[in-house]
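Note sheet for the following structure.
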Amino acid sequence: MAPKPPLTELPIKTANTGFYRGFSVNVTVVSKIIISVLVVWAIVWPEWAGAVLGAWNSAILANFAAWYIWTVAFFIIVCLGLALWPTAGKLNLGLEGEKPEFTNFSWFSMMFGAGIGVGMLTWAVAEPVAHFQNNPSVIQGVTTALESDNVRTAYVWSFLHWGLGAWACYAVAGLSLAFFSYRRGLPLTIRSSLTPLFGKSLSGTLGHVIDIVAVVATILGVAQTLGFGVEQFVAGLTRIGIGGLADVDGSATTTGIIVALLVIMGASTLSALSGVGKGIKWLSNINMVLSIVLLGFFIIFGATFFGATAFFVGIWDYLIALPQLSFQVFRSDGVDGSESFLLAQWQGWWPVFYWAWWIAFAPFVGLFLARISRGRTIREFVLGAMIVPSLMCFVWFAWAGGTAIDLELNGGADGVILNAANGDKIFAMTEFMLAPIAQALAWGMALLIVVLLMTFLVTSADSAVLIVNTINAAGDEGPKARPHILFWGAALALVVGGLLISGGTSAIQTAMVIGALPFSIVMVMMCFALIKAIWNDGRREAAGVPTLADPDQVPAE
């Protein structure tokens, strides 16, 4: 018996008239209500919100740490398996003969800028330094904190958190969305990626719930990135001489948070109104060029040899340790201060937090990757969306973080970098390097970092606004009504501002870990749906059954 043709139509009801014309009212209104309630709750009752979110977060870390760790390991296996699977790897994420819309440089620039660019400026210095101070090997007494024998271990954990696991989360979402939208002609929205499992029932309530979960996860995941970015942006403004925005300890004041959000979200909303092909593309190209300039500075004038050693030895150590670390779960014995307690606590602070962050970020980055990757093969997509960005992250960590560690070990920094706030570490390091030569050079480098940080933040925020509206509009990639772009720009700013003011970045982190859990279940189902679809397409081709949508039925770009 010949297999049936694949599902190529998934009608999603949208409003024909009024304020929500072109949007799914069920998804849009419920998403707005959930986010609005969170904002009001965090601002009006900060202590209550903090206590409840903290309790939920503790429960999730206690009961779902293994789920997050094993789920991300599963994503790595699925992505690499699809790239290596001959039948799957050669499949075009589009119709037969389609070519990519963007050049490789623009494609990679947009992908990196929206996916992880902001994090590089904070964590490329802060994370290797943090693991140089403490990591599981230090807790177990295998290596020594702040000594040379701990450098290699620090890089294993840094590369683990920003390597294949992070980008596998994005690639799973991006592959699924691109496959079902551009090969099957289904709407470019999260529910479409589950059609092999649930079929036409996704047109109704089940599909609405899945898209709502994706919108909420996206807002909370991007809020986490913007929260770190706002703190660092304020630190940078303080470094270039704009006072009154930070406390004595370097943390942003309420005024600083408001000023930073007005600048960042105002610019990002204007960029979002111009669409992907204009504002986002040009901003991505600009921040890629500026990031190359900054990275070049660290490679040439920083710890050049130390960074090269950290890069090559770090990759080797990371790949050797990856199979074990991808499945390793530290379980606490419940005794405060015991080795097992400290290991489980550390894992909750770092790997579990990161896996939740990448999963919450996945609907945004994945849908964005799908949008800019039409016409590329699955193998090309995996190489472009997993291997290359991972290597770029490793370069940043090796030379930017390596310079910081080398200055503390051998360069007389004497705690100047170690004792700075995470967002301020890169500014503290560049000032330590340049101020003795010329204060003007240190000021100019701080200004360059501030500009680069702003372009990264704006790129992430405006991309998120467009992606959220695409999901709300049942996958319609066309121009969106200005009021909806303005609403989500304001909502994102209020989520970040409300949570930062009420509880700092830890409040955003808690909300994000909670929001990521339901979407992690959706992502696991996406993997099984994609594998099932590709397997069935192989059977269809053997039986002469069409596997692609009719080009006349696929919405025009």
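Bear in mind that the values here come from a model prediction, so they are computed numbers and not experimental data.
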* To do: Evaluate the criterion side-chain contact (heavy atoms from CB on, under 4.5 Å) for residue pair Ile258 and Leu262; output intermediate values, then yes/no.
  => CA-CA 6 Å; Ile258 293 171; Leu262 285 174; 4.0 Å; yes

* Check: Thr304 side chain, Ile299 main-chain N or O, donor-acceptor pair, under 3.5 Å -> yes

* Structure fact -> Note: Ala442 and Ala435 closest approach over all heavy atoms is CB-N, 4.0 Å

* Asked: When you measure from the side chain of Gln232 to the backbone N and O of Asp424, does any donor-acceptor pair fall under 3.5 Å?
  -> no

* Within the 6.0 Å centroid threshold, strictly below: Trp396 and Trp123 -> no

* Asked: Judged by atom type as modelled, is there a donor-acceptor pair below 3.5 Å linking the side chain of Ser373 to the main-chain atoms of Ala370?
  -> no

* Asked: Roughly how far, to the nearest 0.5 Å, is CD1 of Ile405 from OG of Ser148?
  -> 11.0 Å

* **Evaluation steps, side-chain contact (heavy atoms from CB on, under 4.5 Å), between Phe64 and Val352** => CA-CA 9 Å; Phe64 291 95; Val352 174; over 6 Å; no

* Asked: Are Met265 and Leu226 side-chain neighbours, meaning at least one heavy-atom pair lies under 4.5 Å?
  -> yes

* To do: Examine the side chains of Thr71 and Trp355 and answer whether a donor and an acceptor come within less than 3.5 Å of each other.
  => no

* Indicate the atoms forming the closest heavy-atom contact of Val125 with Lys425, along with that distance. => CG1-CB, 3.8 Å

* To do: Please lay out, stage by stage, how Phe233 and Leu453 fare under the test side-chain contact (heavy atoms from CB on, under 4.5 Å).
  => CA-CA 7 Å; Phe233 189 64; Leu453 177 63; 3.7 Å; yes

* Exceeds 12 heavy-atom contacts within 6.0 angstrom, atom CG of Asn419 -> yes

* To do: State whether the side chain of Thr144 and the backbone N or O of Glu147 hold a donor-acceptor pair below 3.5 Å, judged by distance alone.
  => no

* Asked: Hey, is CH2 on Trp67 packed in by over 12 heavy atoms from elsewhere, all under 6.0 Å?
  -> yes

* Nearest 0.5 Å, what's the CG-CE distance between Asp406 and Met429? -> 11.0 Å

* **Centroid-centroid under 6.0 Å between Tyr354 and Trp162 rings** => yes

* Structure fact -> d(Leu466 CG, Ile485 CD1) to nearest 0.5 Å is 5.5 Å

* Asked: Taking all non-hydrogen atoms of both residues, which atom of Ala493 and which atom of Leu261 are closest, and how far apart?
  -> O-CD1, 3.4 Å

* To do: Specify whether Phe301 and Phe297 have parallel, tilted or perpendicular ring planes, treating 30° as the upper limit for parallel and 60° as the lower limit for perpendicular.
  => tilted

* To do: Check each of Val234, Leu245, Leu500 against Ile257 using the side-chain contact (heavy atoms from CB on, under 4.5 Å) test, and report the only one that passes.
  => Leu500

* **Reported CD1-to-OG distance for the pair Ile449 and Ser291, which is rounded to 0.5 angstrom** => 12.0 Å

* Within the distance-only criterion (no hydrogens, no angle test), does the side chain of Trp399 pair as donor or acceptor with the backbone N or O of Gly302 below 3.5 angstrom? -> no

* Structure fact -> Output for pair (Ile437 CD1, Leu441 CG), nearest 0.5 Å, gives 7.0 Å

* Please answer whether the main-chain N or O of Ala303 pairs with a side-chain N or O of Thr403 as donor and acceptor at a distance below 3.5 Å. => yes

* Phe364 and Phe361: ring-ring contact (aromatic ring centres under 6.0 Å, His included), yes or no, with the steps? -> CA-CA 6 Å; Phe364 152 53; Phe361 223 48; 5.0 Å; yes

* Measure across Met512 and Ala360 and return the closest heavy-atom pair with its distance rounded to 0.1 Å. => CG-CB, 3.9 Å

* To do: State which residue, out of Trp350, Tyr155, Phe397, Phe159, fulfils the ring pair (Phe, Tyr, Trp, His ring centres under 6.0 Å) condition with His131.
  => Trp350

* Would you confirm whether Asn150, through its side chain, and Phe132, through its main-chain N or O, come within 3.5 Å as a donor-acceptor pair? => yes

* How about Asn135 and Val138: do any of their side-chain heavy atoms sit closer than 4.5 Å? -> yes

* Value rounded to 0.5 Å, distance of CG in Leu146 from CG in Asn134 -> 9.5 Å

* Structure fact -> So side chain to side chain donor-acceptor pair (under 3.5 Å) across residues 309-335, not counting sequence neighbours, yields Arg152-Asp317, Asp333-Ser338, Asp333-Ser340

* Begin from the C-alpha positions of Phe353 and Trp357 and carry the test ring-ring contact (aromatic ring centres under 6.0 Å, His included) through to its verdict. => CA-CA 6 Å; Phe353 158 68; Trp357 190 5; 5.4 Å; yes

* Answer yes if the ring centres of Tyr170 and Trp167 are under 6.0 angstrom apart, and no otherwise. => yes

* Anything under 30° is parallel, anything over 60° is perpendicular, the rest tilted; go ahead and classify Trp346 against His161. => tilted

* Quick check: does any side chain N or O of Gln133 sit under 3.5 Å from a backbone N or O of Ala145, one acting as donor and the other as acceptor? -> no

* Passes side-chain contact (heavy atoms from CB on, under 4.5 Å), Phe298 versus Thr430? Steps please. -> CA-CA 9 Å; Phe298 291 128; Thr430 53; 3.9 Å; yes

* To do: Using atom types as modelled and distance alone, determine if a side-chain donor or acceptor of Trp358 lies under 3.5 Å from a backbone N or O of Cys169.
  => no

* Determine yes or no for a side-chain-to-main-chain donor-acceptor pair under 3.5 angstrom, with Gln347 supplying the side chain and Phe330 the backbone. => yes

* To do: Side-chain contact test, heavy atoms from C-beta onward, threshold under 4.5 Å: evaluate it for Leu237 versus Ile240 and give yes or no.
  => yes

